[in-house]
Amino acid sequence: MKRIVVLISGNGSNLQAIITACQQGKTGGKVVAVISNKASAYGLQRAHEAGIPTLTLPPATFADRQAYDQHLMAEIDRFQPDLVVLAGFMRILSDAFVQHYSGRMLNVHPSLLPKYPGLDTHRRAIENGETEHGTSVHFVTQELDGGPVILQARVPIFADDSIEDVQARVQHQEHNIYPLSIAWFCTGRLQMHEGAAWLDGKPLAPQGYAAE
Ligand SMILES: Nc1nc2c(c(=O)[nH]1)N[C@@H](CN(C=O)c1ccc(C(=O)N[C@@H](CCC(=O)O)C(=O)O)cc1)CN2
Ligand SMILES: NCC(=O)N[C@@H]1O[C@H](COP(=O)([O-])[O-])[C@@H](O)[C@H]1O
């Protein structure tokens, strides 16, 4: 059973989907700890209800980003993870941190990368008149939201959509593709190799595998 540490900052709906999939035996992994940079994250409650150890590390108590990341690494490594999962973790990670977990750290980003890296993706897509949007699971690299894409799922944007409408449609897809990506990793089917995502011994296309 692979050991998974999940980093969050908020609601934790992706964390919940991952916990549920693991509990149902669908991933080959087990969430062994949940760590948040915000004490207010509802995801901490979700972890507690699932009997999973939690830790809160507020950045304000550290001198700078590097000091924070060094401490975060030490806390994560106490749980001896095979995989680190960013699930709405809203901090840019230092190069040292990313290097330490290279090839075994995933993120879910709310856009069809490489379109709309960064923040506020749903608002930007709506304001740009996009009629298609979506979400991407990728390996985390030093390039923000630039790591090899593993899985993408597409959703429509309708003319009268609010940001909340689009977010809900995107997150419904995230709750499918993130646990699937994690299962591929935990069962040895997915690796990062030579800067690309490989599935079953073959490199995936730059946009990853298109989920149905
Ligand atoms: N080195 C990397 N770090 C992170 C990556 C990555 O690919 N490489 N993915 C992000 C997740 N993310 C989007 O998917 C993201 C998270 C946070 C930010 C950001 O600008 N954060 C600000 C603070 C914003 C806030 O507190 O609301 C910051 O850290 O200064 C951009 C993209 C996770 N990290
Ligand atoms: N740039 C990172 C980013 O915006 N990530 C996004 O935060 C949300 C967290 O929701 P959750 O806390 O309910 O899982 C998710 O939709 C994820 O794609």
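Numbering starts at 1 and runs along the sequence shown. Basis for what follows: all heavy atoms, side chains included, without hydrogens, waters or symmetry-related copies. Order of appearance sets the numbers: ligands from 1, and atoms from 1 within every ligand.
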Atom indices of ligand 1, in the order listed, that fall short of 4.0 Å to a heavy atom of His138: 7 (O)

Which of the atoms in ligand 1, numbered in the order shown and given with their element, are less than 4.0 Å from a heavy-atom of Arg91? 4 (C), 17 (C), 29 (O), 33 (C), 34 (N)

What is the closest protein heavy atom to atom 11 (C) of ligand 1, and at what distance does it sit? Asn107 ND2, 3.5 Å

Among all protein heavy atoms in this structure, tell me which lies nearest to atom 24 (C) of ligand 1, with the distance rounded to 0.1 Å. Met90 O, 3.8 Å

For the pair Arg124 (side chain) and Pro117 (backbone), establish whether a donor and an acceptor sit closer than 3.5 Å, ignoring hydrogens and angles. yes

Verify side chain to side chain contact (heavy atoms under 4.5 Å, CB included) between Leu93 and Tyr101, making sure each step is shown before the conclusion. CA-CA 11 Å; Leu93 294 160; Tyr101 297 109; over 6 Å; no

So which protein heavy atom does atom 28 (C) of ligand 1 come closest to, and at what separation? Arg65 NH2, 3.8 Å

For ligand 1, is any non-hydrogen atom under 4.0 Å from Leu144's backbone (N, CA, C, O), its side chain (CB onward), both, or neither? both

Any donor-acceptor pair under 3.5 Å from Ser136 side chain to Leu113 backbone: yes

Do Glu75 and Arg78 meet the salt-bridge criterion of a basic N to acidic O distance under 4.0 Å? yes

Kindly say whether Gln80 contributes a backbone atom to a donor-acceptor pair with the side chain of Arg3 at under 3.5 angstrom? yes

Of the protein's non-hydrogen atoms, which lies at the shortest distance from atom 2 (C) of ligand 1, and what is that distance? Thr141 O, 3.6 Å

With no hydrogens and no angle check, is any side-chain donor or acceptor of Arg65 less than 3.5 Å from a backbone partner on Arg91? no

Please report which non-hydrogen protein atom sits nearest to atom 16 (O) of ligand 2, along with the residue it belongs to and the distance in Å to one decimal place. Glu174 OE1, 2.7 Å

Taking 4.0 angstrom as the limit and counting only heavy atoms of Gln142, give me the atoms of ligand 1 inside it, by number and element. 1 (N)

Looking at Pro110, Ser9, Ala168, the heavy atom closest to atom 3 (C) of ligand 2 belongs to Pro110

Any Gly12 heavy atom less than 4.0 Å to ligand 2: yes

Phe62 atom CZ, over 12 foreign heavy atoms within 6.0 Å: yes

Pairs of nitrogen or oxygen atoms closer than 3.5 Å, one from Thr135 and one from ligand 2: do any exist? no

Any heavy atom of Leu93 under 4.0 Å from ligand 1? The part involved is both

For the pair Arg154 (side chain) and Glu132 (backbone), establish whether a donor and an acceptor sit closer than 3.5 Å, ignoring hydrogens and angles. no

Any chance the side chains of Asn128 and Tyr116 put a donor and an acceptor closer than 3.5 Å? yes

Hey, is Val108 one of the residues with a heavy atom under 4.0 angstrom from ligand 2? yes

Tell me the closest heavy-atom pair linking Leu151 and Trp184, and the distance in Å. CG-CZ3, 3.7 Å

Does Phe97 approach ligand 1 within less than 4.0 angstrom via side chain, backbone, both or neither, non-hydrogen atoms only? neither

Which part of Met90 is near ligand 2, with near meaning a heavy atom under 4.0 Å away: side chain, backbone, both or neither? side chain

If you scan protein heavy atoms around atom 13 (C) of ligand 1, the nearest is Asp145 OD1, 3.1 Å

Atom indices of ligand 2 within 4.0 angstrom of Gly88 heavy atoms, with elements: 7 (O), 9 (C)

Can you tell which of Ile157, Val170, Asp165 makes a side-chain contact (heavy atoms from CB on, under 4.5 Å) with His122? Val170

Taking atom 10 (O) of ligand 2 as the reference point, the nearest protein heavy atom with its distance: Gln171 NE2, 3.2 Å

Atoms in ligand 2 with a heavy atom of Ser13 nearer than 4.0 Å: 11 (P), 12 (O), 13 (O), 14 (O)

Going by the order shown, which atoms of ligand 1 are within less than 4.0 Å of some heavy atom of Val98? 1 (N)

Would the distance check show the side chain of Ser94 and the main-chain N or O of Asp69 forming a donor-acceptor pair, the cut-off being under 3.5 Å? no

Which protein heavy atom lies closest to atom 31 (C) of ligand 1, and at what distance to 0.1 Å? Leu119 CD2, 3.7 Å

Shortest non-hydrogen contact from Leu83 toward Cys186: CD2-SG, 4.4 Å

Of all heavy-atom pairs between Ala41 and Ser36, which one has the smallest distance, and what is that distance? CB-OG, 3.4 Å

Numbering as shown, the atoms of ligand 1 that approach Phe89 to under 4.0 Å (heavy-atom distance): 11 (C), 16 (C), 33 (C)

To which protein heavy atom is atom 29 (O) of ligand 1 closest, and what is the distance rounded to 0.1 Å? Ile92 N, 2.9 Å

Look only at the side chain of Asp77 and the backbone of Ala74, and say whether a donor-acceptor pair between them is shorter than 3.5 Å. no

Checking heavy atoms under 4.0 Å, the part of Glu143 that sits near ligand 1 is backbone

